[in-house]
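See structure below.
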Amino acid sequence: QVQLVESGGGSVQAGGSLRLSCAASGRTFSRFSMGWFRQAPGKERDFVAAISWSFGNTYYADSVKGRFTISRDNAKNTVDLQMNSLKPEDTAVYYCAAALSPRGLAYASTYNYWGQGTQVTVSS
């Protein structure tokens, strides 16, 4: 079992930055690939970014590429999402997720564990 707790959400104006953090506890964190997803009201949960456990490869949705950066610290059991140049369309609840597989990380079905989510609101 893995417990995931997100933090760092909040409200920011367009063009601003936020840093989300996800703290993991339970099973060996370094053996999990980690991802961030987001869900806006009335919409499906969308992939944002992921980092594999095997080589630390990173993956991003086209909509956030160049603006968001995912990183992990296996010593601290954390995975962060640095979000820069935020836009109103980035407004959503952001979820951290953990996957035993290093493949298919853009798909929510790949992930075995999920956090409760943290709200990010970007105003224009």
Side-chain angles (χ1 to χ4, degrees):
Q1 191 75 8
V2 173
Q3 293 78 41
L4 303 172
V5 179
E6 303 97 336
S7 62
S11 297
V12 65
Q13 289 191 329
S17 299
L18 282 174
R19 188 176 184 90
L20 305 184
S21 186
C22 175
S25 60
R27 295 176 62 179
T28 307
F29 176 76
S30 61
R31 298 303 299 270
F32 284 86
S33 296
M34 301 298 296
W36 286 95
F37 286 73
R38 66 187 181 187
Q39 188 167 19
K43 296 189 176 181
E44 294 184 352
R45 190 169 297 190
D46 291 332
F47 170 72
V48 176
I51 184 166
S52 70
W53 72 263
S54 52
F55 297 105
N57 296 328
T58 57
Y59 309 90
Y60 297 94
D62 287 344
S63 59
V64 306
K65 204 170 293 184
R67 300 188 298 123
F68 291 10
T69 303
I70 188 170
S71 61
R72 67 188 297 161
D73 186 334
N74 289 338
K76 296 181 179 179
N77 286 4
T78 58
V79 59
D80 291 349
L81 184 69
Q82 177 66 43
M83 306 186 294
N84 298 328
S85 302
L86 283 162
K87 305 175 181 179
E89 51 263 44
D90 293 320
T91 295
V93 176
Y94 283 69
Y95 297 90
C96 172
L100 289 167
S101 173
R103 303 180 184 87
L105 296 178
Y107 303 97
S109 58
T110 298
Y111 294 81
N112 306 96
Y113 303 99
W114 291 84
Q116 293 299 307
T118 185
Q119 177 70 46
V120 171
T121 303
V122 185
S123 58
S124 57

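For the numbers below, each heavy atom of this structure counts, side chains included, while hydrogens, waters and symmetry mates do not.
For the pair R38 and S63, the minimum side-chain heavy-atom distance is below 4.5 Å. Using a 4.5 Å heavy-atom threshold, the side chains of Y94 and E6 count as separate. At a threshold of 4.5 Å between non-hydrogen side-chain atoms, the residues F37 and V93 do not count as touching. Taking 4.5 Å as the limit, some side-chain heavy atom of Y113 sits within range of a side-chain heavy atom of Q1. Between W36 and V79 there is a side-chain heavy-atom pair separated by less than 4.5 Å. Residues Y60 and I70 are in side-chain contact: their nearest non-hydrogen atoms beyond the backbone lie under 4.5 Å apart.
Pairing each heavy atom of L18 with each of G10, the nearest pair is CD1-O, 3.9 Å. Across every non-hydrogen atom of C22 and M34, the tightest pair is SG-CE, 4.4 Å. Contact between F29 and D73 at its shortest, heavy atoms only, is CE2-O, 4.0 Å. For A92 against A40, the heavy-atom pair with the smallest separation is CB-N, 3.8 Å.
A donor-acceptor pair is defined here as one N or O able to donate and one able to accept, closer than 3.5 Å; such a pair exists between the side chain of N112 and the backbone of L100. A donor-acceptor distance shorter than 3.5 angstrom exists from the side chain of T91 to the backbone of V122, with no hydrogens or angles considered. The backbone N or O of P102 sits nowhere less than 3.5 Å from a side-chain atom of S52 that would complete a donor-acceptor pair. Formation of a donor-acceptor pair under 3.5 Å by the Q13 side chain with backbone atoms of S123 is not found in this model. Formation of a donor-acceptor pair under 3.5 Å by the T110 side chain with backbone atoms of G104 is found in this model. Y111 places a side-chain N or O within donor-acceptor distance of the main-chain N or O of L105, the cut-off being under 3.5 Å.
The CZ atom of R19 sits 8.5 Å away from the OG1 atom of T69 when rounded to the nearest 0.5 Å. Taking OG of S85 as the start and CG of D90 as the end, the distance is 9.5 Å to the nearest 0.5 Å. Rounding to the nearest 0.5 angstrom, the gap separating the CD1 atom in I51 from the OG atom in S33 is 9.0 Å. For the atom pair T78 OG1 and L20 CG, the distance stands at 12.5 Å (nearest 0.5 Å). Interatomic distance, S124 OG to K87 NZ, rounded to the nearest 0.5 Å: 13.5 Å. Between the CZ atom of R67 and the CE atom of M83 there is a distance of 9.5 Å, given to the nearest 0.5 Å.
Within 6.0 Å of the CD atom in Q116, the count of heavy atoms belonging to other residues, nucleotides or ligands does not exceed 12.
Y95 is not connected to V120 by any chain of hydrophobic side-chain contacts under 4.5 Å among Ile, Leu, Val, Met, Phe, Trp and Tyr, and they are in different clusters. Placement of L4 and W114 in two distinct hydrophobic clusters is found when ILVMFWY residues are connected by side-chain heavy-atom separations under 4.5 Å, directly or transitively.
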Query raised in the report: Going through the distances and angles, do F47 and Y59 end up as a ring pair (Phe, Tyr, Trp, His ring centres under 6.0 Å)?
Result: CA-CA 10 Å; F47 170 72; Y59 309 90; 7.7 Å; no
**Report entry** Worked verdict on D80 versus Q82 for side chain to side chain donor-acceptor pair (under 3.5 Å)
**Finding:** CA-CA 6 Å; D80 291 349; Q82 177 66 43; over 6 Å; no
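Classification of D62 and K65 as a salt-bridged pair holds, one side-chain N sitting under 4.0 Å from a carboxylate O.
The cationic group of R72 does not satisfy the cation-pi geometry with F32, failing either the under 6.0 Å distance to the six-membered ring centre or the 45° limit from the ring axis.
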